[in-house]
Amino acid sequence: MFSLAQSFQRQGLVGLGAISSMMFSAEAENLDAKLKDDVADHDGDDDVSRDLTDLDSCVGEEEQHDVSKENDFGCNMHQVKELANEKPQKQHMDREIGFLDIPYERDNLEARYEYQNGGTEDHAKVRSVPYEDEKSYEDSFTNKDRSVSESGSHHFLFEIPYEDDNLKVSREDSMNSVGKVFLNDIPFEYDTVTTSSESFTQGGDYTEVEEEGHEVTVRHERDVMPIVEETDVDGEDEAALRTLLNSLGDEQDVSVTESKGSNTCGKDYGSSTEDILAALLERLGETKVPTNLKNENEDLPLINDEDETSRVENGEREEEEEEDEEEDVGWLPGFRVDVEVRPTPHLGENQYGIFALQNIPANTLVWDWTNRLQAYHCSEVESYIRNNFRKDDLEGIQTFLRRGFVLRAPSDNHFVSSMTDSIGFMNCSMSPNCRHQRATRDIHEGEELTLDYSFYGNPGWYVAICHKYGIMTSYEISERQSKLGHDRFLSADYNIDDTDESVPAKDLWLEKYISSIR
Ligand SMILES: C[S@@+](CC[C@H](N)C(=O)[O-])C[C@H]1O[C@@H](n2cnc3c(N)ncnc32)[C@H](O)[C@@H]1O
């Protein structure tokens, strides 16, 4: 017997999405047939290179494939996704599909599409590419030949947006570490899992019917909490699971737990800065919301305030620290290391950032997404603003917009608000010390934690709404920064209508700023 939950913890796999790798259904055969038909030309318009362009737009700018119609084929992820979502007409149990939950920190996959048998082979050999290796992996291909290796294989490095981080992998192929991979759009905060077999031991909602001698499972969708304490599997299923886990490669020292922050903090803290800070203080056991928050230039009385000092003197802080240790979570929602929110006045009024309260070794998991994130469809953002902010509360609306983000296509039709998640306080730098939730280098106590915002999406609807309320989109901030110069922070007094030349830039390097506030 083998405890699934233990395995997930060890491997860093989280969520019932992973559990559901044991829930095998039988739609692969239909999908295979469709994929084979479509592999040379995915949309029937005889234009294979356009299909690859589609893939490019799906996987982001990193992938620019130099392909020719004669000798190439690719995989249009949009189409594969559509196929994968189609309900099969008839189900057989001889091919099975499992769901594979890709942990966020390992959600970069390399897919190698073999060019064999006249281009009819549609297998994707999939392996994860650890972020540390990503650069050297990319460097191993020149721009010219990165998509076609000497053997004629095609390599793609694609990033799975975290809402799309559940992949469907055919079980049979996964046994050989070869997966037919279909993107399966399951927002991780809301893992909807399709149950399909009795191996679903959590009491899945399924019915079995007899059809022409085959046992067929009628599939029902049910919502599940992605944390499951115990599920035991054995025999074939265990072997399949082990293979799936192994095919992802081992990652040492994965400190991800089951995203404790994710599903335990359902409380809605509201969306004003005060509300957020109240939520943060609550985690410290502090119930009082400081009254001087309105004065943005004063230091926030978070960890270093007077009350805190007196409580430390009373030994209360020690107790809290012990509790924190037990919980194994940082005190800010989502953060896995000790950090605090401090004003960053050089970015403007009412601007804050996240600062390390400890040395953070390179590659440490710095934060974890929490279910405080709320996704709003682009068509709902305006009505959300209308219903939740006074017309004249421009600052509130701006704060709401700037503390959220939009991912890249194909997930760029949602605005993800992180108003009550402390990740919303992370500022942008062109030499960021965090990437994909991890420290990119050793970070010293006192340093500001930063991200490069260029990985965010920048669709027209989002640009329009940000400009309407007088702020730049995250992506625009990173673009502007890169034009201004590496590592240089933007001045607070930029104006979105400024030309690049007229954007005033304080010649302020991140390190200088950090040492000035120490
Ligand atoms: C995710 S929030 C970060 C937290 C933000 N400082 C706050 O307190 O609301 C993104 C916003 O921070 C500001 N910001 C972040 N990085 C910046 C930078 N490098 N230069 C100028 N403004 C920046 C911009 O106002 C941006 O819209």
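Order of listing sets the numbers, starting from 1, for every ligand and every atom in it. Here the structure is a predicted model, which is why all the values come from computation and not from measurement. Along the sequence shown, residues are numbered consecutively beginning with 1.
Taking the six-membered ring for Trp and the full ring otherwise, Phe400 and Phe389 have centroids separated by under 6.0 Å. Aromatic pair Tyr475/Tyr456: centroids not less than 6.0 angstrom apart.
The atoms of ligand 1 that sit less than 4.0 Å from any heavy atom of Ile477 are 17 (C), 18 (C), 24 (C), 26 (C), 27 (O). Each of the following atoms of ligand 1 lies closer than 4.0 Å to a heavy atom of Phe425: 3 (C), 4 (C). Near Gly424, meaning under 4.0 Å from any of its heavy atoms, are these atoms of ligand 1: 1 (C), 2 (S), 3 (C), 4 (C). Each of the following atoms of ligand 1 lies closer than 4.0 Å to a heavy atom of Tyr352: 4 (C), 5 (C), 6 (N), 7 (C), 8 (O).
Comparing Met426, Arg403, Arg402 against atom 27 (O) of ligand 1, the shortest heavy-atom distance belongs to Arg402.
Side-chain contact annotation: Glu380 with His414, donor-acceptor N/O pair under 3.5 Å absent. For the residue pair Asn458 and Glu476, no side-chain donor N or O sits within less than 3.5 Å of a side-chain acceptor on the partner.
Close N/O approach between Thr399 and ligand 1 is not found [any backbone or side-chain N/O within under 3.5 Å].
Within the structure, the closest approach of Tyr453 to ligand 1 falls below 4.0 Å when heavy atoms are considered.
Minimum interatomic distance between Gly470 and Gln398 (heavy atoms only, all atoms of both residues): O-NE2, 3.7 Å.
Aromatic ring orientation, Phe415 versus Tyr376: parallel (interplanar angle below 30°, classes split at 30° and 60°).
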